[in-house]
Every structure is written in structure tokens, then in C-alpha cells.
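This chain uses plain numbering: 1 for the first residue, then up along the sequence.
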Amino acid sequence: MRRRTPPPPSPLPQREGIDPVRMRLPGEGSWATVREHLVERLGAARAGVVDAMLEAGQIVGADGRAVTADTAYAPGTFLWYHRELPPEAPVPFPLEIVYRDEHLVVADKPHFLATTPRGSHVAETALARLRRELGVPALGAAHRLDRLTAGLVLFVVRPEERGAYQSLFRDRRVRKVYEAVAPYDPGLVLPRTVRSRIVKERGVMAAYEVAGEPNAVSRVELVEHGARELGRYRLLPATGQTHQLRVHMNALGLPILGDPLYPEVTGPVPAGDFRRPLQLLARELEFTDPVTGRLHRLRSGRVLDAWASYDRWATAAQPASAPQPAAVRQPGAAQ
């Protein structure tokens, strides 16, 4: 089997922690110039945008030289450019670091901050923030948390090691513990293991359960229950389906507080509205480092507001899970 030749390195630096867009021209085509292809590829309505970018020298080839309106089309050529970043409301909560060495960065992500750039969330993401703040442009995510979920996320310093860490999650060699605040049902027998088949369709906001062989397994434990008929739950997912814990808790009649999708999809939250965060937290990660062999046991220092103070969570203007001071662990520190 012939190996694919890797693309050349980008001649453009990151901007705000965001990589430039890489594009490869098709191997076959009748376009006379690069401009002709870009206008057809991006749509005639964007011809003015293409012309403006070409005139400003914003589209470059592998040698870093700007492509012009009359640059001849060459099949297989790589091009790079920075896309215009969408306007984003800054997420006004800190992104804590709980562990860092020459291979890993483990961050304690706040609610409302996306893990990686996607859609309208680009510069205001955990990955872009860490690249900027730590000065590590090659940093990449080993896995993801939903934007609305807070807690521990693992990032990889060296691109050549990213696959080893991603395989930990793919092969289920990471012990993950979540915490949630949800209604308390004295008639529900816990702990229990929930098994079901979950489907998440592209373009549909909520996932749902269907008949068939289970692809999602979660253990649900009640830690304690208190006032307002609320419970604090410990959740241990054995699989990683999209929205798995939220779907399983809802199926038990225990929808997680602050969930805009389960049991029903509510209207979109306006940008900049950080009230009533989803009360779901990725509390613990435990794994054996595939590169160093070190056993990591890491824990989030955040507190779910609805459990610490329900009234504050329900009525405060801008509540979020409150991070407790967490020291950065260096290599050799106790784990």
C-alpha cells in the first residue's frame, strides 16, 4: 500500500491560537487560474471576497509567496489562508491547569467554553486559549468535552504523540468519573448500570435512544441527596457516545439541571448568556501514560453551583462552576 505524502508545513503562523486553513487544488480541472477555481469552489457570491484576499496577499502557497489573481492553476498545489474569525462573546471564567509536563497539559475547563474550534466557537475555545497562554502552538486535544460540560480535558504537547493519547480514549483505557446535580427520586434503586443504543444524527441537536444492541453503558450512583429534592450523582461512563450521560440520566427520569436539550430542546441561548450552567462536571481522569508509563490520577477542583447554592445558581446573573485553587503539578509530583 502506497503511503500518502504528508502535506508541507504551513507557511503561515497561527492567529489567536487558530491554525490557518489548508486547501489543496484538485488533481484534475480546466481552470486557467487559481482565482477561477476558488470562485467556483467558494461560490460566485463570494467572488468579491476572493478578489479582496488575493489583492491583500492573504492566500499563500507552500513557499509563503502570495497567490495573485493571475497565478496559473497547478493541480495538487497546497494553499493556506486565515479565515475571518466570527464575533465571539468572551467566556469570562478561568481555564485552570491541574497538570503539565513535557508531554501533557490537563486543564480544568469551565462551563460554556468549547474544547476545540468548531462552528461559531473558534478563538474562545480551550485549545486556542491554551495555545496563546502557554505559548505552545502545536498543542492538540486528545479528546473533547461538550461546551456546556465543565471539567478535565487532556491536551497533548507533541503532535507525534497525539495518537498514543487519543488511543487511550478510543480503547477505553481511561477511567472517567463525572459528577452531576439532578432531581432525587427516592423510589429509584441506585446504583445501577444503564445500557442502551444511542443515536446522534448530524444536524439534530439532541441524541436519542433506539432499540438494538447497546452502544452506551453508564453506571449511575447517588452520592447524597439534600434540600429541594435534589441529588448529587457520581457517573461512570464505560463508553463515549455523544451526550451519553445526559441521555441516560434523562431516561431514568433524572434530567441534569440546566440541560437545554433533555428532556426537551429549549430555545437557543443568546451569545454571552452564561446563566444556569449545565450541572455536569468531568471530575476525575485516571490512566497510565502511554509515553512515560506514569500513572495519573487527576481531579477537578470545581464545585457545581446548584449543589453548593441552588439559589445562587438559579438567580445569579452570571453563575458558573466555581474553580478552587489548584496547583500545577510538575513531573515527579505526587499523583
>> The test is salt bridge (charged side-chain N to carboxylate O under 4.0 Å, His left out); show your working for Glu213 and Arg197 and say whether it passes.
In response: CA-CA 6 Å; Glu213 182 178 354; Arg197 186 165 192 83; 5.6 Å; no
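Between Tyr73 and Trp31, the angle of the ring planes lies from 30° to 60°, which puts this pair in the tilted group. Taking the six-membered ring where tryptophan is involved, the planes of Phe112 and Phe274 are perpendicular, since the angle between them exceeds 60° and thus also 30°.
A salt bridge does not link Asp70 with Arg35: none of the charged nitrogens is closer than 4.0 Å to a carboxylate oxygen. Using a cutoff of 4.0 Å between basic side-chain nitrogens and carboxylate oxygens, Asp101 and Arg294 are scored as salt-bridged. Here Glu179 does not pair with Arg234 in a salt bridge; the nearest charged N to carboxylate O distance is not below 4.0 Å. Checked for salt-bridge contact, Arg219 and Glu221 meet the test: a charged N lies under 4.0 Å from a carboxylate O. Between Arg275 and Asp305 no salt bridge is recorded (no basic side-chain N to carboxylate O distance below 4.0 Å). A salt bridge is defined here as a Lys NZ or Arg NE, NH1 or NH2 lying under 4.0 Å from an Asp or Glu carboxylate O, and Asp108 with Arg299 fails to meet this definition.
No path of Ile, Leu, Val, Met, Phe, Trp and Tyr side chains, each step under 4.5 Å between heavy atoms, connects Val177 with Leu145, placing them in separate hydrophobic clusters.
A distance of 6.0 Å or more separates the ring centres of Phe93 and His111.
From Arg144, atom CZ reaches atom OG1 of Thr125 across 10.5 Å, with rounding to the nearest 0.5 Å. Note that NZ of Lys200 is 8.5 Å distant from CE of Met205, once rounded to the nearest 0.5 Å. Note that the OG1 atom of Thr115 and the NE2 atom of His121 stand 11.5 Å from one another [nearest 0.5 Å].
The backbone N or O of Ala306 sits less than 3.5 Å from a side-chain atom of Gln279, completing a donor-acceptor pair. In this structure, Arg276 contributes its side chain and Leu257 its backbone to no donor-acceptor pair below 3.5 Å. A distance-only check finds a donor-acceptor pair linking the side chain of Arg283 to the backbone of Arg302 [under 3.5 Å]. In this structure, Lys109 contributes its side chain and Thr149 its backbone to a donor-acceptor pair below 3.5 Å. At distances below 3.5 Å, not a single donor-acceptor pair connects side-chain atoms of Glu201 with backbone N or O atoms of Val199. Distance alone, capped at 3.5 Å, is enough to place a donor-acceptor pair between the Trp313 side chain and the Pro277 backbone. Remark: side-chain polar atoms of His143 are paired, donor with acceptor, to backbone N or O of Leu154 under 3.5 angstrom.
For Val34 against Ala72, the heavy-atom pair with the smallest separation is CG2-O, 3.7 Å. Of all heavy-atom pairs spanning Trp80 and Pro8, the tightest one is CZ2-O, 3.4 Å. Closest non-hydrogen pair, Ala128 versus Ala123, comes out as CB-O, 3.4 Å.
Side-chain contact, Gln58 with His82: no donor N or O sits under 3.5 Å from an acceptor N or O. Side-chain atoms of Asp289 and His103 include no donor-acceptor pair closer than 3.5 Å. Between His243 and Tyr262, the side chains place a donor N or O and an acceptor N or O closer than 3.5 Å (distance only, hydrogens not considered). Side chains of His248 and Ser196: a donor on one and an acceptor on the other come within 3.5 Å.
Two residues are said to be in side-chain contact when any heavy atoms from C-beta on lie closer than 4.5 Å; Ile256 and Tyr233 fail this criterion. At least one side-chain heavy atom of Leu139 sits under 4.5 Å from a side-chain heavy atom of Val105. Under the 4.5 Å side-chain criterion, counting only non-hydrogen atoms from C-beta, Thr77 is in contact with Leu79. No side-chain heavy atom of Tyr178 sits less than 4.5 Å from a side-chain heavy atom of Leu281.
Screening Gln244, Gln241, Arg192 against Ser218 for a side chain to side chain donor-acceptor pair (under 3.5 Å) leaves a single residue, Gln244.
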